Protein chains: 2
Amino acid sequence: MRQLVLDVLSKQKAAISLPELEDMFEKADKATLYRTLKTFEENKLIHHIDDGSGAVKYALCQESCECEPEDLHVHFYCTVCQKTFCLNDTPVPSINLPKDFSLEKVNMVVSGICASCQK
Amino acid sequence: MRQLVLDVLSKQKAAISLPELEDMFEKADKATLYRTLKTFEENKLIHHIDDGSGAVKYALCQESCECEPEDLHVHFYCTVCQKTFCLNDTPVPSINLPKDFSLEKVNMVVSGICASCQK
DNA sequence: AGTAACTTTGCAACCCGGTTGCACCGCGTA
DNA sequence: TACGCGGTGCAACCGGGTTGCAAAGTTACT
Ligand SMILES: [Mn+2]
Ligand SMILES: [Mn+2]
Ligand SMILES: [Zn+2]
Ligand SMILES: [Zn+2]
């Protein structure tokens with residue numbers, strides 16, 4: 001099962017959610033897939049992305065993917081195809097927090113229209 | 001009802017979620033509060049914040065609060081008290097998207113420890 | 001006041017993503 | 001063969017959000 005899921009993940013251009021994964025298999029159980037993603041994430045194979053679409057999405061970690069402690073790159077959510085992409089080459093800009101606020105991590109999601117959906 | 005909700009909202013230092021609002025009233029119905037927040041948002045009185053905590057939170061719009069088309073300021077989620085704050089003075093930095101990606105809006109949530117929770 | 005039209009509210013049900021307990025299965029090992 | 005352990009499937013549950021519908025409240029007009 002994990003092999004199959006890993007295959008699917010590595011073939012994806014966009015990040016994928018649990019429900020999407022579910023009906024991409026049709027045969028495997030939701031809980032199994034859920035636990036698979038969980039173990040993958042614990043072992044730093046994948047990272048999750050909260051793009052505000054209601055379902056958390058997952059994408060393979062890249063070579064340089066330091067998901068912890070701080071997510072390095074920006075994510076892009078296409079409002080047309082509803083796909084979410086890792087912009088691995090777009091680092092999260094550093095920001096100045098008010099005094100006495102300590103930074104742990106940053107989630108930056110840009111919405112718009114992706115390259116494929118531009119006409 | 002709307003008056004009451006508006007009062008609560010204007011007294012809040014942190015953004016508030018629908019469930020939080022719910023048990024802050026104990027008397028009003030979830031649906032009513034939900035619809036109240038909805039109309040407030042449609043009329044640009046409040047804006048919503050998706051901080052990844054599972055529940056969308058709402059905060060009053062400030063004078064200069066141009067929530068549309070693009071959310072202007074950064075939000076801060078405290079991992080200790082689980083409160084979410086508008087950093088009204090911290091604008092979202094502009095970023096360079098890859099070619100052919102068009103920008104509509106940006107959600108930037110910084111997690112860490114807020115001023116009150118620092119020891 | 002009486003009536004009609006419109007708005008707001010409460011209730012209940014539903015949806016959907018996520019999560020968990022538990023029993024079962026498959027497999028390697030003593 | 002018997003045991004232990006990790007993976008799987010099923011079913012149930014949870015929590016936030018959303019909606020249909022009917023009752024209650026409000027407003028406008030006569
Ligand atoms: Mn990513
Ligand atoms: Mn805000
Ligand atoms: Zn697209
Ligand atoms: Zn705090």
Side-chain angles (χ1 to χ4, degrees), chain A residues 1-9 12 14-59 67 71 75 77-79 81-84 105 107 109 111, chain B residues 1-9 12 14-59 67 71 75 77-79 81-84 105 107 109 111:
Chain A
M1 196 72 254
R2 294 185 183 172
Q3 273 300 345
L4 294 177
V5 173
L6 194 55
D7 286 357
V8 167
L9 281 170
Q12 292 293 321
I16 189 173
S17 68
L18 175 54
E20 281 165 0
L21 202 56
E22 251 175 283
D23 41 49
M24 188 164 291
F25 274 99
E26 200 60 61
K27 192 60 196 7
D29 189 74
K30 186 169 62 155
T32 306
L33 295 172
Y34 168 71
R35 287 186 276 236
T36 300
L37 290 175
K38 203 169 173 185
T39 34
F40 280 178
E41 191 170 19
E42 281 162 1
N43 292 86
K44 305 273 166 69
L45 276 177
I46 61 178
H47 63 279
H48 74 264
I49 308 156
D50 193 340
D51 59 7
S53 67
V56 176
K57 293 180 182 158
Y58 299 87
C67 321
D71 214 0
H75 292 106
Y77 175 72
C78 175
T79 54
C81 62
Q82 269 131 307
K83 285 182 179 154
T84 300
K105 63 193 190 63
N107 180 30
V109 177
S111 307
Chain B
M1 196 73 255
R2 294 184 184 171
Q3 274 300 347
L4 295 176
V5 172
L6 193 55
D7 287 355
V8 167
L9 281 170
Q12 293 293 319
I16 189 174
S17 68
L18 175 54
E20 280 165 2
L21 201 56
E22 250 175 282
D23 41 50
M24 187 163 292
F25 275 99
E26 201 58 65
K27 191 61 195 9
D29 190 74
K30 185 169 61 151
T32 304
L33 296 172
Y34 168 72
R35 287 186 276 234
T36 300
L37 291 175
K38 203 170 171 183
T39 33
F40 280 178
E41 190 169 20
E42 281 162 2
N43 292 84
K44 306 273 168 72
L45 276 177
I46 62 178
H47 63 277
H48 74 265
I49 307 156
D50 192 341
D51 60 7
S53 68
V56 176
K57 293 180 181 157
Y58 299 86
C67 322
D71 215 359
H75 292 105
Y77 175 73
C78 175
T79 53
C81 62
Q82 269 131 306
K83 285 182 180 153
T84 300
K105 63 194 192 62
N107 180 30
V109 178
S111 307

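Proteins come first, then strands; the chains are lettered A, B, ... in the order of their sequence lines, and each starts at number 1. Since this is a predicted model, take the numbers as computed values, not measurements.
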Collect all protein-nucleotide pairs involving nucleotides 12-18 of chain D in which both atoms are nitrogen or oxygen and the distance is under 3.5 Å.
| from | atom 1 | to | atom 2 | distance (Å) |
| --- | --- | --- | --- | --- |
| D:dG17 | OP1 | B:V56 | N | 2.8 |
| D:dG17 | N7 | B:K30 | NZ | 3.2 |
| D:dG17 | O6 | B:K30 | NZ | 2.8 |
| D:dT18 | OP2 | B:Y34 | OH | 2.8 |
| D:dT18 | O5' | B:Y34 | OH | 2.8 |

Short N/O separations, protein against nucleotides 5-7 of chain D, under 3.5 angstrom:
| from | atom 1 | to | atom 2 | distance (Å) |
| --- | --- | --- | --- | --- |
| D:dG7 | OP1 | A:R2 | NH1 | 2.8 |
| D:dG7 | OP1 | A:R2 | NH2 | 3.2 |
| D:dG7 | OP2 | A:R2 | NH2 | 3.2 |

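How far CG of B:D51 is from CD of B:Q82: 9.5 Å, rounded to the nearest 0.5 Å. Expressed to the nearest 0.5 Å, how far OG of A:S111 lies from NZ of B:K105 amounts to 4.5 Å. Distance CG/B:L9 to CZ/B:F40: 6.5 Å, rounded to 0.5 Å.
Rounded to an integer number of Å, the gap from CG of A:L21 to C1' of C:dT19 is 16 Å. As rounded to whole Å, 16 Å separates atom P of D:dA24 from atom CZ of B:R35. Residue B:D29 contributes atom CG, which lies 17 Å from atom P of D:dA22 at whole-angstrom precision. Nucleotide C:dC16 holds its C1' atom 10 Å from the CD atom of A:E22, rounded to whole Å. Rounded to a whole Å, the CZ atom of B:F25 is 11 Å from the P atom of C:dT9. Rounded to an integer number of Å, the gap from B:L4 CG to C:dT8 P is 15 Å. Atom pair A:L37:CG and C:dG18:C1' shows a separation of 12 Å (rounding to whole Å applied). In this structure, CG of A:L33 is placed 13 Å from C1' of C:dG18, rounded to the nearest angstrom.
Residues A:L21 and A:Y58 fail the side-chain proximity criterion, which asks for heavy atoms closer than 4.5 Å. Between A:V56 and A:L18, the closest side-chain pair of non-hydrogen atoms is not below 4.5 Å. Residues A:E20 and A:Q12 are not in side-chain contact: their nearest non-hydrogen atoms beyond the backbone lie 4.5 Å or more apart. In this structure the side chain of B:H75 never reaches within 4.5 angstrom of the side chain of B:D50, judged on heavy atoms.
B:D29 contributes a side-chain N or O that, together with a main-chain N or O of B:A31, makes up a donor-acceptor pair within less than 3.5 Å.
For the side-chain hydrogen bond (donor to acceptor under 3.5 Å, both in side chains) condition, the pairs that include at least one residue of residues 31-42 of chain A, sequence neighbours left out, are A:E41-A:H48.
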